Amino acid sequence: MHQPLPWFQNRFPLYLAPMAGVSDKIFRQCCKGYGVDVLTTEFVSAEGIFRRSERTREYLDFDEMERPIGVQLFGANAEHMAEAARQVIDWVGPDFVDLNFGCPVNKVVCKNGGSALLKDCSTLAKVASVVVRTVSPTPVTAKIRIGWDTDSINAVPVAKILVDAGIRALTVHGRTRAQGYSGVADWNVIGEVAASVPLPVIGNGDLSSAAEVAKRRRETGIAGAMIGRAAMSAPWIFRETKTYLATGEIVDPPGPEEKWNLILRHCERAVRRFGAEEPAIRSLRARLMAYSRSMPDAKRLREKLSHVSTIAEVETIAEGSLRFTGFTGSTRMESVKSC
């Protein structure tokens with residue numbers, strides 16, 4: 001029997017969900033500064049790694065301060081998945097490999113990847129067992145949805161298959177593939193999975209506040225929580241949640257100056273990494289608009305941020321927003337620890 005993964009020993013770890021186009025190195029490190037316990041890369045195509053695509057390899061980049069961190073792979077060819085996992089371990093040495101059996105996106109599902117394998121349990125079992133055997137002793141974890149649709153909810157039997165395959169921890173997103181990201185996550189099914197398997201189950205879906213995480217932990221017996229969309233606009237949710245779970249105290253969210261400081265720091269790091277200001281800032285527009293959701297006058301800010309191309313433009317918007325909230329200092333403060 002494997003020893004428990006170290007981040008579960010006497011702890012309730014908080015995970016940042018892997019999100020394509022969102023959970024890159026810069027954002028992961030922002031969340032690390034706010035207290036997230038476990039990180040995972042954006043999901044990566046096993047076929048891309050197997051074919052040694054340089055573009056795919058870029059998604060594997062992380063810094064030592066991000067540990068523990070896993071690389072999440074998707075695919076349906078067991079041998080290719082196993083070889084991709086072996087190459088990832090050789091290249092970057094992650095703390096674990098995570099298998100994506102939950103992605104609902106058509107371009108993944110049509111190749112029998114992601115949540116498509118919830119309908120093909122024999123292939124799912126083969127993928128998991130071959131990867132586990134190939135990369136041992138590196139831990140392998142997995143993420144699933146509760147089923148393909150409401151007529152085929154099978155998270156409990158799938159979880160048992162994954163236990164038999166040697167998976168060390170399991171994340172369950174409480175929606176079906178048919179739901180995509182709409183509707184409501186079914187935490188009753190997540191609780192059933194947690195009660196049915198002898199490994200840590202991480203709950204995921206509609207976790208938008210510290211109190212919600214505490215409620216789901218209490219009601220379902222999950223061993224950890226994964227937060228995705230809520231962190232996009234409020235990465236400080238990890239700090240708030242850890243404090244609430246430890247003390248029951250509600251932590252005030254950051255003030256507007258800290259939020260804008262985080263945004264500007266994110267922009268600066270993106271420009272340095274990209275090497276050219278305008279394409280870097282344009283690529284961040286959706287991310288900046290997500291940050292603005294937690295601010296006063298959010299609708300107007302989203303409209304302005306949807307057109308920015310330079311850091312100077314973001315600074316001008318920040319100054320106007322801070323005046324709107326009554327702040328009279330400078331936006332050029334020392335960078336917050338979180339970014």
Side-chain angles (χ1 to χ4, degrees), residues 15-24 28 38-62 69-92 94-135 138-148 154-155 158-159 161-162 165-173 175-181 202 204-205 226 228:
Y15 283 64
L16 172 66
M19 295 176 283
V22 176
S23 54
D24 62 6
R28 293 195 306 264
V38 186
L39 295 167
T40 311
T41 63
E42 300 174 73
F43 76 157
V44 181
S45 165
E47 294 300 321
I49 294 172
F50 185 74
R51 295 187 173 94
R52 296 183 176 271
S53 161
E54 285 303 313
R55 171 74 184 196
T56 300
R57 191 164 176 170
E58 290 176 9
Y59 292 119
L60 306 177
D61 182 37
F62 64 84
I69 186 169
V71 170
Q72 188 182 78
L73 300 176
F74 72 91
N77 182 305
E79 287 71 27
H80 288 193
M81 285 279 279
E83 175 60 17
R86 188 192 64 76
Q87 290 185 28
V88 163
I89 292 167
D90 288 345
W91 289 344
V92 297
D95 297 284
F96 61 98
V97 172
D98 190 62
L99 304 180
N100 184 316
F101 298 133
C103 179
V105 176
N106 285 333
K107 68 178 181 179
V108 173
V109 170
C110 71
K111 296 178 182 177
N112 204 35
S115 57
L117 289 177
L118 297 174
K119 297 192 300 180
D120 185 357
C121 289
S122 61
T123 299
L124 179 146
K126 183 178 180 181
V127 168
S129 59
V130 172
V131 173
V132 168
R133 186 167 61 250
T134 300
V135 304
T138 299
V140 180
T141 65
K143 184 177 183 182
I144 65 173
R145 286 185 168 233
I146 60 173
W148 179 258
N154 61 346
V158 166
I161 289 170
L162 292 172
I167 293 296
R168 301 278 296 279
L170 177 65
T171 300
V172 183
H173 181 106
R175 290 180 172 83
T176 64
R177 188 271 169 173
Q179 282 181 278
Y181 297 99
I202 304 106
N204 176 224
M226 178 176 283

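Computed from a predicted model, the values in this text were never measured in an experiment.
- Residue pairs meeting the salt bridge (charged side-chain N to carboxylate O under 4.0 Å, His left out) criterion with at least one partner in residues 100-117, sequence neighbours excluded, are absent.
- Between Lys119 and Arg177, the closest side-chain pair of non-hydrogen atoms is not below 4.5 Å.
- Summarising the geometry of Ala76 relative to Thr123, their closest heavy-atom pair is O-CG2, 3.6 Å, with the distance given to 0.1 Å.
- In this structure, Val109 and Ser115 have side chains that are in contact, with non-hydrogen atoms separated by less than 4.5 Å.
- Residues satisfying the side chain to side chain donor-acceptor pair (under 3.5 Å) criterion with Arg175, sequence neighbours excluded, are His173, Asp206.
- Applying the ring-ring contact (aromatic ring centres under 6.0 Å, His included) criterion to Phe96, with sequence neighbours excluded, gives Trp7.
- Applying the side chain to side chain donor-acceptor pair (under 3.5 Å) criterion to Glu79, with sequence neighbours excluded, gives no partner residue.
- Residues forming a side chain to side chain donor-acceptor pair (under 3.5 Å) with Thr141 (at least two apart in sequence, or on another chain): Asp98.
- Pairing each heavy atom of Ser23 with each of Arg28, the nearest pair is O-NH1, 3.0 Å.
- Ser122 contributes atom OG, which lies 8.5 Å from atom CD1 of Ile161 (distance to the nearest 0.5 angstrom).
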Contacts under 3.5 angstrom, residues 125-133 side chains, donor-acceptor by atom type, not counting sequence neighbours:
| residue | atom | partner | partner atom | Å |
| --- | --- | --- | --- | --- |
| Ser129 | OG | Ala125 | O | 2.9 |
| Ser129 | OG | Lys126 | O | 3.2 |

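- Inter-residue side-chain proximity for Thr40 and Leu16 is flagged as unmet; no heavy-atom pair is nearer than 4.5 Å.
- Taking Ala142 as the reference, Leu99, Phe101, Leu162, Ile167, Leu170 meet the side-chain contact (heavy atoms from CB on, under 4.5 Å) condition, with sequence neighbours excluded.
- Remark: Glu83 engages Arg86, Gln87 in a side chain to side chain donor-acceptor pair (under 3.5 Å) (not counting sequence neighbours).
- Applying the side-chain contact (heavy atoms from CB on, under 4.5 Å) rule to Ala20 yields the partners Phe43; only residues at least two apart in sequence or on another chain are considered.
- For Gly228 against Ala17, the heavy-atom pair with the smallest separation is CA-CB, 3.7 Å.
- Taking the side-chain contact (heavy atoms from CB on, under 4.5 Å) definition, one finds that Asp24 meets it with Ile26, Phe27, Glu42, Arg273, sequence neighbours left out.
- Of all non-hydrogen atoms in Val92 and Leu60, the two that sit nearest each other are CG1-O, 3.9 Å.
- Under a 3.5 Å cut-off, the side chain of Asp95 and the backbone N or O of Ile69 do form a donor-acceptor pair.
- Checking Asn100, Val140, Ile49 one by one against Leu73, the side chain to side chain contact (heavy atoms under 4.5 Å, CB included) holds for a single residue, Ile49.
- When each of Asn154, Leu118, Thr176 is tested with Arg145 by the rule side chain to side chain contact (heavy atoms under 4.5 Å, CB included), just one qualifies, namely Leu118.
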